[in-house]
Chemist: 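Okay, here's the structure, questions in a sec.
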Amino acid sequence: MRKVITYGTFDLFHEGHYRLLQRAKTLGDYLIVGVTTEEYDRTRGKLNVIDSLMTRIENVKKTGFVDEVIIETSPGQKFRDIQKYKIDVFTVGSDWRGQFDYLKEYCEVVYLERTKNISSTMLREQNRPILRVGIIGTGRIAERFIPEVRLVSGMSAQGVYNPHTESAAQFAEKWQIECYKKKEKFYSAVDAVYVASPHETHYKYVREALEHDKHVLCEKPMVLMRSRAEELFVLAKEKGRILFEGIKTAYCPGFDKLLGIACSGTIGNIRNIEACFTKLENSSSRELNDIRYGGSFTELGSYVMLPVFKLLGTNYERVEFDSIRGENGLDLFTRATFKYAKSMATVTCGLGVKSEGRLLIAGTTGYIVAEAPWWKTTYFEVHREDMENVEKYSERFLGDGLRYELSDFLSTINGSREKECKLTRDESVSLANVMEQFLKKEGREVESFII
Ligand code: CTP
């Protein structure tokens, strides 16, 4: 008996899939189809699969060509399956031509001509209009945004706005997107806005965008004042628009896994969290020179507070700060301590002091540790009293990681994902509240933000 195997996502099952399976079957007597899990697809950058695994399997089976369906969960699996199932022919569409030649040592490899003018991507785009995203700001973060948005199907970078029209024009030229000189034109050309301007302008732009009925993804810290965060979320609700604060860690798959394990009871009750993030900045950077809104805490505080609020909640009893300041008075290194009824947390961040950035979550029966850069979580360990007993977890983190938050932003807008699943409104408001308390303690004016 000649055994044939093929693999695919088979999302929104279409004629191309049908014809591929039909021809695959004729290459032998027994056809096995590997259908990818959503998690595996996410790790290889396919972020917007619509049909559930069950539906995709059902659709593959319904063709009547398939003798056995298996699940594909990891990159090295094909090679193992070929040996396990004693496969004679591996086949896949011609869009993969050459990429599986390495399997020729183990079986025959056949690339079947792809059916023209149809793909799941095309159907996903037809089903839902592409979300046109406009960018406000042209700094470092905005530069990282464009290559990432291009990886998320269902979204496109429409254009850019920056009151400094020269920077906007250069940015638009570099990335081949529209440059809008007039704000009204910008708002009327986009469905959603990504705010990547300096901290103190976030409030104004988020408000404006929501008033123009746009969905908003705003870089962290969204605002530096509690009442303003609350006001923006109320406005978003009134307008029926999605407002996300973009702390990329919150949306990254490895961090999600870490939170799940920390909450699962595997380390008992959480009693202490330590989170540290430091980086050395150029002495002429905005972060070290903007004496009103710069410094280590406004820059990095959102990251280190995130695991604390996620795992211990936002109802702490008190927070205290200590800082080391540079000559201009800006904090180069800040430590904030949160006291809860039954636990505590210490978060530290530095721009002018370098330390080992790690996340440590201590529980009553064990602890979790993730080393730097834990804010782009790819690896962590669970330790217990018995030092031999260490569980190791890893997860992929691709590119700059913005693709994960963009994908969640899009799914939430399209209603296919539960609202607020990764960073809640309450957490965002609490982050703004701590920022406000910190700035007040530093004697910096919180009220005078540009409106
Ligand atoms: N396929 C095909 N003809 C098409 C589309 C897909 O022969 N028009 C084949 C692929 O080459 C692959 C299998 O069908 O062998 C499953 O492909 P999959 O990636 O699930 O489908 P796509 O439509 O290519 O999906 P996407 O647009 O998400 O990449």
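Whatever order the structure lists ligands and atoms in, that order sets their numbers, starting from 1.
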Chemist: What about Leu20: any of its N or O atoms under 3.5 Å from an N or O on ligand 1?
Modeler: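 No, there is no polar N/O contact under 3.5 Å.
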
Chemist: For Phe10, counting its heavy atoms only, list the atoms of ligand 1 lying under 4.0 Å from any of them.
Modeler: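 It comes down to these atoms of ligand 1: 16 (C), 20 (O).
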
Chemist: Polar contacts were defined as any N/O atom of the residue lying under 3.5 Å from an N/O atom of the ligand; does this apply to Asp11 and ligand 1?
Modeler: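 No, since none of the N or O atoms of Asp11 sits under 3.5 Å from an N or O of ligand 1.
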
Chemist: Nearest protein heavy-atom contact for atom 6 (C) of ligand 1: which residue, which atom, what distance?
Modeler: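 Nearest protein contact, heavy atoms only, for atom 6 (C) of ligand 1 is Arg114 NH1, 3.2 Å.
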
Chemist: Looking only at heavy atoms of Lys116, does any of them come nearer than 4.0 Å to an atom of ligand 1?
Modeler: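 So Lys116 does not count as touching ligand 1.
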
Chemist: Using ring centroids (six-membered ring only for Trp), state whether Tyr303 and Phe277 fall under 6.0 Å.
Modeler: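 Yes, the ring centres sit under 6.0 Å apart.
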
Chemist: Among all protein heavy atoms, pick out the one at the shortest distance from atom 28 (O) of ligand 1; state its residue, atom name and that distance to 0.1 Å.
Modeler: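 The closest one turns out to be Arg124 NH2, 2.8 Å.
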
Chemist: Show me which atoms of ligand 1 lie under 4.0 Å from any heavy atom of Ile118.
Modeler: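 What qualifies from ligand 1 is 4 (C), 5 (C), 8 (N).
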
Chemist: For atom 19 (O) of ligand 1, what's the nearest protein heavy-atom neighbour? Residue, atom name and distance, please.
Modeler: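 For atom 19 (O) of ligand 1, the nearest protein heavy atom is Lys46 NZ, 3.1 Å.
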
Chemist: Would you say the side chain of Tyr161 lies within less than 4.5 Å of the side chain of Tyr205, judging by non-hydrogen atoms?
Modeler: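 Yes, at least one pair of side-chain atoms sits under 4.5 Å.
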
Chemist: Hey, does Ile273 have a side-chain heavy atom less than 4.5 Å from the side chain of Phe338?
Modeler: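 No, too far: nothing below the 4.5 Å cut-off.
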
Chemist: Tell me the protein heavy atom at minimum distance from atom 26 (P) of ligand 1, and give that distance in Å.
Modeler: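 Sorting protein heavy atoms by distance from atom 26 (P) of ligand 1 puts Thr121 OG1, 3.3 Å first.
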
Chemist: Find all atoms of ligand 1 within a distance of less than 4.0 Å from any non-hydrogen atom belonging to Ser119, and give their numbers and elements.
Modeler: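 Those atoms are 23 (O), 27 (O).
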
Chemist: Using modelled atom types only, decide if a donor and an acceptor are shared between the side chain of Ser285 and the backbone of Glu281 within a distance under 3.5 Å.
Modeler: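 Absent.
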
Chemist: Classify the angle between the aromatic ring planes of Phe409 and His215 as parallel (below 30°), tilted (30 to 60°) or perpendicular (above 60°).
Modeler: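 Taking His215 first and then Phe409, their aromatic rings stand perpendicular (interplane angle over 60°).
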
Chemist: Taking all heavy atoms of Thr138 and all of Asn162, pick out the closest pair and write down the distance.
Modeler: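 So the two residues come closest at OG1-ND2, 2.8 Å.
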
Chemist: Atoms of ligand 1 less than 4.0 Å from Asp95 heavy atoms?
Modeler: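 What qualifies from ligand 1 is 10 (C), 11 (O).
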
Chemist: As an exercise, identify every atom of ligand 1 less than 4.0 angstrom from a heavy atom of Val92.
Modeler: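 Listed by number with element: 15 (O).
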
Chemist: Can you tell me the protein heavy atom closest to atom 21 (O) of ligand 1 and the distance?
Modeler: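 Minimum-distance protein heavy atom for atom 21 (O) of ligand 1 reads His17 NE2, 2.9 Å.
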
Chemist: Measure centre to centre between the rings of Tyr393 and Tyr379, then say whether the value is under 6.0 Å.
Modeler: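 No: the rings miss the under 6.0 Å criterion.
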
Chemist: Run the salt-bridge test on Glu405 and Lys248 with the 4.0 Å N-O cut-off and return the result as yes or no.
Modeler: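 Looking at Glu405 and Lys248, the cut-off is not met.
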
Chemist: Starting at OG1 of Thr424, measure out to CZ of Phe233 and round the result to the nearest 0.5 Å.
Modeler: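 Thr424 atom OG1 to Phe233 atom CZ measures 8.0 Å (nearest 0.5 Å).
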
Chemist: Mark yes or no for whether Asp290, through its side chain, and Tyr293, through its backbone, hold a donor-acceptor pair below 3.5 Å.
Modeler: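 At least one qualifying donor-acceptor pair exists.
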
Chemist: Numbering the atoms of ligand 1 from 1, which are under 4.0 Å from a heavy atom of Thr9?
Modeler: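 The list of qualifying atoms is 20 (O).
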
Chemist: So, is Thr115 polar-close to ligand 1, with some N/O to N/O distance under 3.5 Å?
Modeler: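 Right, the criterion is met.
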
Chemist: When you compare ligand 1 with Arg23, is there at least one nitrogen or oxygen pair between them that comes in under 3.5 angstrom?
Modeler: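 It does not: no N or O of Arg23 is found under 3.5 Å from an N or O of ligand 1.
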
Chemist: To the nearest 0.1 Å, how far is atom 15 (O) of ligand 1 from its closest protein heavy atom, and which atom is that?
Modeler: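 Of the protein heavy atoms, Gly93 N, 2.9 Å lies nearest.
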
Chemist: Counting C-beta onward and ignoring hydrogens, is there a side-chain heavy-atom pair between Thr115 and Arg23 closer than 4.5 Å?
Modeler: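 Of all side-chain heavy-atom pairs linking Arg23 with Thr115, at least one is under 4.5 Å.
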
Chemist: Any N or O on Ser94 sitting closer than 3.5 Å to an N or O of ligand 1?
Modeler: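 No - when backbone and side-chain N and O of Ser94 are compared with those of ligand 1, no distance drops under 3.5 Å.
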
Chemist: For Met122, state whether at least one heavy atom is located under 4.0 Å from any atom of ligand 1.
Modeler: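 Heavy atoms of Met122 never come under 4.0 Å of ligand 1.
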
Chemist: Just by distance, do the side chain of Lys257 and the backbone of Ser394 share a donor-acceptor pair under 3.5 Å?
Modeler: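 Indeed, once roles are kept as given, a pair shorter than 3.5 Å links the two residues.
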
Chemist: Would you mind listing which atoms of ligand 1 come within a distance below 4.0 Å of any non-hydrogen atom of Ser120?
Modeler: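 Every atom of ligand 1 under 4.0 Å from some heavy atom of Ser120: 21 (O), 22 (P), 23 (O), 25 (O), 26 (P), 27 (O), 28 (O).
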
